[in-house]
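What follows is a short report on a single structure.
When a residue number appears, it is its place in the shown sequence, counting from 1.
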Amino acid sequence: MKAGKVMLSLLLSAALCCGSMLATTVSAAEQTYGIDNLNNEKGDLVIAYLGGSITEGSGASVYTNRYATKLTNQYFQEKFPNKKVTEVNGGVGGTPSNLGLFRVDKDIASKNPDVVFVEFAVNDTGRDEKTVKQNMEGIVRQLSRLPKQPVVIFLYTAKADFAAVDKTIAYHQKIADYYGIASINLNSYVKGLVDDKTIIWWDKDVNGEKNKDLWYSGDGTHPNDKGYTLYTDYIMEQFDKDFGQYFKKLTTRELPISGYEYGAPRAVSH
């Protein structure tokens, strides 16, 4: 890290320490794991979602129709009926992974999650590879050091410009592979259905308005109720095929693959 960056890092650290307590971390020997709580014994199970407007539920008629709430209720609560399952929704519209990086502590880590879904592929589209990889890795490394390390799963949601999202997905996937994180590619899934003419995701042509009731997205990015159901069903189908592929501990890595280590990034009140 260059001298200028070191000084900036020190200044930011001082400011952030004044604004909030740093997240607690523990040694590997003391650390527990969210995967161990994925059972049907009585207790609490916290499922967290960090992402943009799609995670927040934009496009759904009511928030309970968003993929996060449907997945919490239809998959986790039904699979573990003896648990009190809680959804933590850290979806904020228009935010890419750089802002997600600064929201991890307050919006996610503070809730002591057992599972964390990370969704930023659409909002990271068009941003440079170096920055995206650093930010996504910063999110993962914060989660990996928590006293209870959660299961982490990357979700790649769809956008009508499928190719553009694919490019960003490749950046995210490099981080996922390095830390042994499972991912679910909804962009690829939706594109396949569109190519096969199985569904109409979105028709920007004015003439397509007559088929609007058949659309799965109102604007090419945000699913409608049908689109969120499509997402939820596909995610659950993947989990049912191979639970162990998705729900597992992170691979420990001493050095970041992006070549940059965030200390303890925090969002503070202005």
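Atom CG of Asn82 is surrounded by more than 12 heavy atoms from other residues, nucleotides or ligands within 6.0 Å. Around NZ of Lys106, the count of heavy atoms belonging to other residues, nucleotides or ligands within 6.0 Å does not exceed 12. Residue Gln245 places its CD atom among more than 12 non-hydrogen atoms of other residues, nucleotides or ligands, all under 6.0 Å distant.
By the side chain to side chain contact (heavy atoms under 4.5 Å, CB included) test, Ala170 pairs with no residue at all, sequence neighbours left out. Here Glu237 pairs with Lys241 under the salt bridge (Lys or Arg N to Asp or Glu O under 4.0 Å) rule; sequence neighbours left out. Residues passing the side chain to side chain donor-acceptor pair (under 3.5 Å) test with Lys174 are Glu129, sequence neighbours excluded. In this structure His172 satisfies the side chain to side chain donor-acceptor pair (under 3.5 Å) test together with Asp124, sequence neighbours excluded.
Atoms NZ and OH, from Lys70 and Tyr63 in turn, are 13.0 Å apart once rounded to the nearest 0.5 Å. Arg141 CZ to Glu261 CD: the interatomic distance, rounded to the nearest 0.5 Å, is 4.0 Å. Between the CG atom in Asn40 and the NZ atom in Lys79 there is a gap of 9.5 Å [rounded to 0.5 Å]. Atom CG of Leu214 is separated from atom NZ of Lys226 by 5.5 Å, given to the nearest 0.5 angstrom. Atom CG of Asn98 sits about 8.5 Å away from atom OG1 of Thr131, to the nearest 0.5 Å. Atom OG of Ser58 is separated from atom CG of Asp219 by 7.0 Å, given to the nearest 0.5 angstrom.
No side-chain heavy atom of Leu99 sits less than 4.5 Å from a side-chain heavy atom of Val92. Residues Phe162 and Ser188 form no side-chain contact, since every pair of their non-hydrogen atoms from C-beta on lies 4.5 Å or further apart. A heavy-atom distance below 4.5 Å is found between the side chains of Thr32 and Lys148. At a threshold of 4.5 Å between non-hydrogen side-chain atoms, the residues Lys167 and Thr125 do not count as touching. Taking the side chain as every heavy atom from C-beta outward, Thr95 and Arg103 approach each other to under 4.5 Å. Within the 4.5 Å cutoff, the side chain of Ser144 has no heavy atoms near those of the Thr252 side chain. Side-chain contact between Val104 and Leu50 is present, with heavy atoms from C-beta onward closer than 4.5 Å. Under the 4.5 Å side-chain criterion, counting only non-hydrogen atoms from C-beta, Leu186 is in contact with Ile235.
Between the side chain of Ser217 and the main chain of His222, a donor-acceptor pair closer than 3.5 Å is present. Arg127 places no side-chain N or O within donor-acceptor distance of the main-chain N or O of Thr168, the cut-off being under 3.5 Å. Not one N or O on the side chain of Gln142 forms a donor-acceptor pair closer than 3.5 Å with the backbone of Ala264. Judged purely by atom type and a 3.5 angstrom limit, Asn89 uses its side chain to pair as donor or acceptor with the backbone of Thr55. Under the 3.5 Å distance criterion, the side-chain polar atoms of Glu30 are left unmatched by any main-chain donor or acceptor of Pro147. At least one donor-acceptor pair under 3.5 Å links the side chain of Thr229 to the backbone N or O of Asp225. No side-chain donor-acceptor contact under 3.5 Å links Trp202 to the backbone of Trp215.
Nearest heavy atoms, Pro150 versus Pro113: CB-O, 3.6 Å. The two residues Pro256 and Tyr179 come nearest to each other via the heavy atoms CA-OH, 3.9 Å. For the residue pair Thr232 and Leu71, the shortest heavy atom distance occurs at CG2-N, 4.0 Å. Pro223 and Ile54 make their closest contact through CD-CG2, 4.2 Å (heavy atoms, listed as atom of the first residue, atom of the second, distance). The two residues Val46 and Lys111 make their nearest non-hydrogen contact at CG1-O, 3.8 Å. What you find for Val165 and Thr157 is that their closest heavy atoms are CG1-O, 3.7 Å.
A salt bridge does not link Arg66 to Glu119: none of the charged side-chain nitrogens sits closer than 4.0 Å to a carboxylate oxygen.
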Give the intermediate values and the outcome of side chain to side chain contact (heavy atoms under 4.5 Å, CB included) for residues Lys248 and Ile35.
CA-CA 6 Å; Lys248 55 188 177 180; Ile35 183 65; 5.7 Å; no

Side chain to side chain contact (heavy atoms under 4.5 Å, CB included), that's the test. Do Val190 and Tyr216 meet it? Break it down for me.
CA-CA 10 Å; Val190 170; Tyr216 282 71; over 6 Å; no

Could you go through the side chain to side chain contact (heavy atoms under 4.5 Å, CB included) check for Val194 and Ile199 one step at a time?
CA-CA 5 Å; Val194 170; Ile199 68 167; 4.2 Å; yes

Residues Leu230, Leu193; criterion side chain to side chain contact (heavy atoms under 4.5 Å, CB included); working and verdict:
CA-CA 11 Å; Leu230 185 78; Leu193 294 176; 4.0 Å; yes

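The cationic atom of Lys133 (NZ for Lys, CZ for Arg) does not lie both less than 6.0 Å from the six-membered ring centre of Tyr178 and within 45° of the ring axis.
Under the 30°/60° scheme for interplanar angles, the aromatic rings of Tyr67 and Tyr228 are found to lie parallel. Between Phe247 and Phe76, the two ring planes are perpendicular [angle over 60°; tilted spans 30° to 60°].
When each of Phe154, Phe239, Tyr75 is tested with Tyr246 by the rule ring-ring contact (aromatic ring centres under 6.0 Å, His included), just one qualifies, namely Phe239. Among Asp114, Asp44, Asn39, the one residue that satisfies the side-chain hydrogen bond (donor to acceptor under 3.5 Å, both in side chains) test with Lys83 is Asn39.
Within the structure, every pair that satisfies the ring-ring contact (aromatic ring centres under 6.0 Å, His included) test and touches residues 112-145, not counting sequence neighbours, is listed here: Tyr49-Phe117. For residues 190-201, the pairs satisfying salt bridge (Lys or Arg N to Asp or Glu O under 4.0 Å) are Lys191-Asp195, with sequence neighbours left out.
With hydrogens and angles left out, the side-chain atoms of Tyr262 and Asn135 include a donor and acceptor closer than 3.5 Å. Judged purely by distance below 3.5 Å, without hydrogens or angles, the side chains of Glu137 and Tyr260 never pair a donor atom with an acceptor atom.
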